[in-house]
Amino acid sequence: MRLYFFCTKAKGKNLELSLFIGYYALIFGPLKIYLAVCDPSVKMSLTPLLYVLFCPGMVSTRSKMTQVSHQPWGEVSGVGSVDLWVLQSANVRVEVLTLGAIIRAVCCRGSNGQMEDVVLGYDDLEGYASDKRYMGAVVGRVANRIAGGRFVVEGKEYQLDINNGPNALHGGLKGFNKAIWLATAVEDGVQLSLTSPDGDQGYPGEVKASVSYTLQGETLTAEYQASSTKTTPINLTNHSYFNLAGQVHDVSNIYDHQVSISAQSYLPVDDTSIPTGEIRVVEGTPFDLRQQTLIGPRLKELPGLGFDHNFCLSGPKDPWTVRPAARVCHPASGRVLEVSTSQPGVQFYTANVLDGSIIGKGGSRYGKHCSFCLETQNWPDAVNQASFPECLLRPGEVYRHVTRFTFTTV
C-alpha cells in the first residue's frame, strides 16, 4: 500500500509543483510514504515515523502487524494457572497455552476462503492436563526415544525414567509438555521460558529453555533456545497433530492428504522404534516421499502400523541452515502446509496408536491415521549413536534451532 501526504500551504507555482510531485509519486513511487512539501521553510526529511506519531488517524501501513493478546484459561491442580495467548494475522490465527508451550489451535483459510482449525486438541484445559499423546506440546528435554533410557556423558552413565516400552520417550514421565512456561510478549508473538533443574527426569545440569512463537502473515515460526550448567543431551520439538481438512466432527483420516519430504535417506528402526544405526536411502522404498505422494495408498505399502520414522534432512557435518523439510496438501480444501527447519531430521508420524478413545475438539474421536505430525528434530537416540548428528549441549554453549510452518492454499 502506498501512502502520500501533501502540504497545502503552497501557492501558485509551488502548488503546481506540489501536485506534480504528488502525481509522480502516485504513479512511479516505491512502496513507502511520500511527503511533498513546497514551503521552503519546511525541510523534506520528515520521517514516516514522526508523521504516524502526530497524525495516527491518517496513517495505515503496508500490512498490519500481528495482533497479540492473552487471557487466563484455567488452573491445573498442583501445577499452577494457565494462560491462553492468541496470535492473529490477516490470514492465520494461532492459539498457544503456557501449559507445555502447547499450540492449541491453528486456524487458516481453504480455497473457499473459510477458516478452519487444522490442529488436533481439546476443548478445555482438563483435556490437555490429562493428555498422554503430547497434543500440540513442546517435548523435551530430549524429543523422541533414547534406547533403554540410558546414556553415557563424560564417562558417567545416566538412567532416565522409562515411559515407552523399554525406552525413554519425549523427556520422561513428566517432561516439558507437563510444565507451565513463563510467557512474555515479543514482536509478532510470544516467548515461553522454562527452567529444568539439575537431575530433572534423570538428566544432568540445570537447563534454561525457551521457545518463541511468532506469526508473520501466513508463517508461524518456532525458535528454540537452551543453555545448560552441565553437558546434557538436548532435542526440542513441537508435537502438533495436523489434519488440513479442519476440525470437522469425528475427524476420520488423512488418506486424502498428499505429502512430500525433502530427504534422500531415512532411519530404519527395530521393534521398539529405536534406530538400528543404518542410514538407508529412500529410493526404491515406500519411504521415498521426495515427490508428492498420496498418504492412504502409501500406508498400505508399509510394514507395521504406519509412518513413525526419522527422515534425514541433512548429515552430521552439514552446516546450520534453514532447509525445506516437508509439504503436505489437502486437495479437497486446497490447504497447504510447508515446513522448513534448521534441524537435521523430521519425524513423520501418522497417528498410528490413536484408537478413537480420545475425545477431542467438538466431540471428535481421534482414531488411527486421523492426523499427522512433522516433528523437526535431531535424529532419535543420537546420544547413543556416534555416527548421528551431535546432540550434546555443553556449558557456555547455546542450543538454537528454528522451524517455520507456512499455511497457504493451492
* Asked: So, the side chain of N163 versus the backbone of G172: is there a donor-acceptor pair under 3.5 Å, distance only?
  -> yes

* To do: Just do the side chain to side chain contact (heavy atoms under 4.5 Å, CB included) check on Y203 and V153 with the steps written out, would you?
  => CA-CA 10 Å; Y203 288 96; V153 170; over 6 Å; no

* Asked: Under the 3.5 angstrom rule, does the side chain of K178 hit a backbone N or O of A129 as a donor-acceptor pair?
  -> yes

* Asked: So do C373 and Q347 actually touch side chain to side chain, heavy atoms under 4.5 Å?
  -> no

* Taking the side chain from S130 and the backbone from E126, do they hold a donor-acceptor pair closer than 3.5 Å? -> yes

* Minimal non-hydrogen separation, P324 against S340, with atom names -> CA-CB, 4.1 Å

* Asked: What class does the angle between the rings of F151 and Y158 fall in, given that below 30° is parallel, 30 to 60° is tilted and above 60° is perpendicular?
  -> parallel

* **Under 3.5 Å: donor-acceptor pair, side chain of R104, backbone of Y122** => yes

* Asked: Under a 4.5 Å cut-off applied to non-hydrogen side-chain atoms, are V402 and R400 in contact?
  -> yes

* Does some side-chain heavy atom of P233 sit less than 4.5 Å from a side-chain heavy atom of L392? -> yes

* **CA sep, side-chain torsions, deciding dist, call: C108, E218, side chain to side chain contact (heavy atoms under 4.5 Å, CB included)** => CA-CA 8 Å; C108 56; E218 299 165 326; over 6 Å; no

* Asked: Do S81 and E75 have a side chain donor and acceptor closer than 3.5 Å?
  -> no

* Asked: In terms of ring plane angle, is the pair F287 and F311 parallel, tilted or perpendicular, where the classes change at 30° and 60°?
  -> tilted

* To do: Kindly give the heavy-atom pair with the smallest separation between Q258 and L294, and that separation in Å.
  => CG-CD1, 4.0 Å

* Side chain to side chain, H170 and E375, heavy atoms closer than 4.5 Å -> yes

* Test item: side-chain donor near acceptor, S89 and T66, under 3.5 Å -> no

* Any donor-acceptor pair under 3.5 Å linking the side chain of T409 with the backbone of G334? -> no

* To do: Please answer whether the main-chain N or O of G202 pairs with a side-chain N or O of D161 as donor and acceptor at a distance below 3.5 Å.
  => no

* Which residues satisfy the ring pair (Phe, Tyr, Trp, His ring centres under 6.0 Å) test with W85, sequence neighbours excluded? -> H70

* Mind checking what makes salt bridge (charged side-chain N to carboxylate O under 4.0 Å, His left out) contact with R280, not counting sequence neighbours? -> E278

* Can R133 and D131 be said to form a salt bridge (charged side-chain N to carboxylate O under 4.0 Å, His left out), step by step? -> CA-CA 6 Å; R133 298 301 177 192; D131 172 62; over 6 Å; no

* Structure fact -> Of all heavy-atom pairs linking L313 and A263, the shortest is CD2-CB, 4.4 Å

* D188 versus L215: any side-chain heavy-atom pair under 4.5 Å? -> no

* To do: Compute whether any side-chain donor of one residue and acceptor of the other, for T272 and D270, lie under 3.5 angstrom apart.
  => yes

* Validation row: V94, V86 side chains within 4.5 angstrom (heavy atoms) -> no

* Asked: Do the charged groups of D308 and R145 touch, with an N to O distance under 4.0 Å?
  -> yes

* **Pair D381, N384: side-chain N/O donor-acceptor within cut-off below 3.5 Å** => yes

* Asked: Is there a donor-acceptor pair under 3.5 Å between the side chain of Q201 and the backbone N or O of L173?
  -> yes

* Would you mind reporting whether L289 and F348 have side-chain heavy atoms less than 4.5 Å apart? => yes

* Asked: Does R141 reach the main-chain N or O of P204 with its side chain, forming a donor-acceptor pair under 3.5 Å?
  -> yes

* L97 versus W73, closest heavy-atom pair with distance -> CD2-CE3, 3.6 Å

* Please report the C-alpha distance between V336 and R327 in whole Å, then the side-chain angles of each, then the deciding distance to 0.1 Å, and finally whether the side chain to side chain contact (heavy atoms under 4.5 Å, CB included) criterion is met. => CA-CA 7 Å; V336 175; R327 181 181 188 272; 3.7 Å; yes

* Asked: Where do N310 and F388 land on the side chain to side chain contact (heavy atoms under 4.5 Å, CB included) test, with the steps shown first?
  -> CA-CA 12 Å; N310 178 81; F388 287 8; over 6 Å; no

* Output field: ring centroids H401/Y399 closer than 6.0 Å -> yes

* L125 vs L99 side-chain heavy atoms within contact, under 4.5 Å -> yes

* Under 3.5 Å, side chain of D200 to main-chain N/O of E206, donor-acceptor pair present? -> no

* To do: Can you see which heavy atom on A105 is nearest to which on V119, and at what distance?
  => CA-CB, 4.3 Å

* Aromatic rings H309 and F307: how do their planes relate, parallel, tilted or perpendicular, breaks at 30° and 60°? -> perpendicular

* **Qualifying residue, where the test is side-chain contact (heavy atoms from CB on, under 4.5 Å) with V106 and the options are V92, L87, L337** => V92

* Asked: How close do P380 and N144 get, heavy atom to heavy atom, and via which atoms?
  -> CG-ND2, 3.4 Å

* Asked: In Å, rounded to the nearest 0.5 Å, how long is the span from CD of Q377 to OH of Y224?
  -> 10.0 Å

* **Backbone N/O of P344 and side chain of W379: donor-acceptor pair under 3.5 Å** => yes

